[in-house]
Amino acid sequence: MSQTGIVIEAARAKINLALHVTGQRADGYHLLDSLVTFADFGDELALRPSAQDRFEITGRFAETLSADADNLVTRARDGLRALAEELGYETCPVDITLTKSLPLSSGIGGGSADAAATLRGLMRLWKLDVPRDRLAELCLSLGADVPMCLASSPLIARGIGEDIEPLATLPSFFILLVNPLKPVSTPQIFRLLTSKTNGPVHPFDPAQADWLDYLGCLRNDLQEPAQRLLADIGECLQQLEESGAEVCRMSGSGATCFGLYRDEMTLERAALTLEQAKPQWYVRAGRTLEGNAP
Ligand SMILES: C[C@@](CO)(OP(=O)(O)O)[C@H](O)COP(=O)(O)OP(=O)(O)OC[C@H]1O[C@@H](n2ccc(N)nc2=O)[C@H](O)[C@@H]1O
Ligand SMILES: Nc1ncnc2c1ncn2[C@@H]1O[C@H](COP(=O)(O)OP(=O)(O)O)[C@@H](O)[C@H]1O
């Protein structure tokens, strides 16, 4: 916490480098095997003690979202406060500002990252020590991606996202995200799946391949149904491929697609070309986090 009492938390974009759908639970939720990393950019949360609870949204995508009781930030705040009070803690009112830089409903978990950053920030601000199982339960009640966004470092997620294994060996990649700024509905994409029992992600073997070659052999099983629903996804993938990306794939349930590049110069050229060719798209270049990042 800074001297002025403000807590700043990054809500990094989540990237499903691979997402294999391996089955379906009795309640309809799909079982996943997903290799996940996080970008070095995303939304940002600023939290400070206040006379009363306040919440406001600024930033590029602020207009697309209301700061109401349904927002994942307020839901995370209220859920954590109820849990903290049940555990005997006192919680002061908070003033929260969300800088919304990630597009909505786009497969990069912006809302989930915001919820997770709110939880991390408030645990610091309120000085909470919450039992792991109670925190995990709260995260999952906010969304299947919230547990992985709480970790916000490379991992393999299984189940519906609650079973998390850190991936310390994952390197950092040069990444370009592109999104046609047309939201897609996650439940609809899952409903359009034709095969729900696909093979899991096979482990990385450094003797057989480098990381980009390995990732190139994996899949996102939601990509084909998403492309059927929104043809722009095919165009995003084609543009990434033509720009020199070694691996081109959709993240989550889309529509954001990513390209991974061997070097920074190719990445920067690709970003410039795409920004000029598609001014109406979201185009963002950066790095992904290393597995052993703090
Ligand atoms: C597909 C993934 C991959 O990381 O990412 P996004 O596209 O959201 O970024 C996630 O599993 C999405 O998680 P999240 O966005 O939190 O989903 P939720 O709000 O919990 O679920 C929305 C709806 O999607 C369907 N759903 C979601 C997750 C899952 N494993 N199986 C499902 O069938 C269910 O119909 C559910 O009601
Ligand atoms: N802080 C938030 N940021 C983004 N979406 C939010 C937020 N709070 C609630 N939502 C709702 O959650 C839904 C999924 O959001 P998001 O996390 O952006 O999707 P995705 O995981 O596909 O990128 C949106 O349709 C939006 O209405």
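We count ligands from 1, going down the list as the structure has it; atoms in each ligand are counted the same way. The figures here come from the full heavy-atom set of this structure, side chains too, leaving out hydrogens, waters and symmetry mates. Quick caveat: nothing in here was measured; it's all calculated off a predicted structure.
Only one option out of T91, L47, V94, L72 pairs with R77 in a side-chain contact (heavy atoms from CB on, under 4.5 Å); it is V94.
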Going through the distances and angles, do L83 and E137 end up as a side chain to side chain contact (heavy atoms under 4.5 Å, CB included)?
CA-CA 11 Å; L83 176 56; E137 195 185 344; over 6 Å; no
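The closest approach between any non-hydrogen atom of G161 and ligand 1 is not below 4.0 Å. The closest approach between a heavy atom of K14 and any atom of ligand 1 is below 4.0 Å.
Only the side chain of F190 comes within 4.0 Å of ligand 1, counting heavy atoms alone; its backbone N, CA, C and O stay farther away. At a heavy-atom distance under 4.0 Å, atoms from both the backbone and the side chain of L72 approach ligand 2. If you look at D43 next to ligand 2, there are no close heavy atoms at all, none under 4.0 Å. Looking at L19 against ligand 1, only its side chain comes within 4.0 Å, counting heavy atoms. Contact annotation for V146 and ligand 1: no heavy atom of the residue comes within less than 4.0 Å of the ligand. Of the heavy atoms in K100, only side-chain atoms (C-beta onward) come closer than 4.0 Å to ligand 2. Here V36 has no heavy atoms under 4.0 Å from ligand 1, in either its backbone or its side chain.
S243 and Y261 share a side-chain donor-acceptor pair at under 3.5 Å. If you check the side chains of N71 and T74, you find no donor sitting under 3.5 Å from an acceptor.
Not a single protein heavy atom sits closer than 4.0 Å to atom 27 (O) of ligand 2. There is no protein heavy atom closer than 4.0 angstrom to atom 11 (C) of ligand 2.
Among the atoms of A144, some N or O lies under 3.5 angstrom from an N or O of ligand 1. Taking distance alone, with nitrogen or oxygen atoms compared against 3.5 Å, G111 approaches ligand 2 more closely than that limit.
For the residues L222, L31, D145, the heavy atom positioned nearest atom 10 (C) of ligand 1 is part of D145.
Side-chain atoms of N220 come within 3.5 Å of backbone atoms of M250 as a donor-acceptor pair (strictly under, hydrogens ignored).
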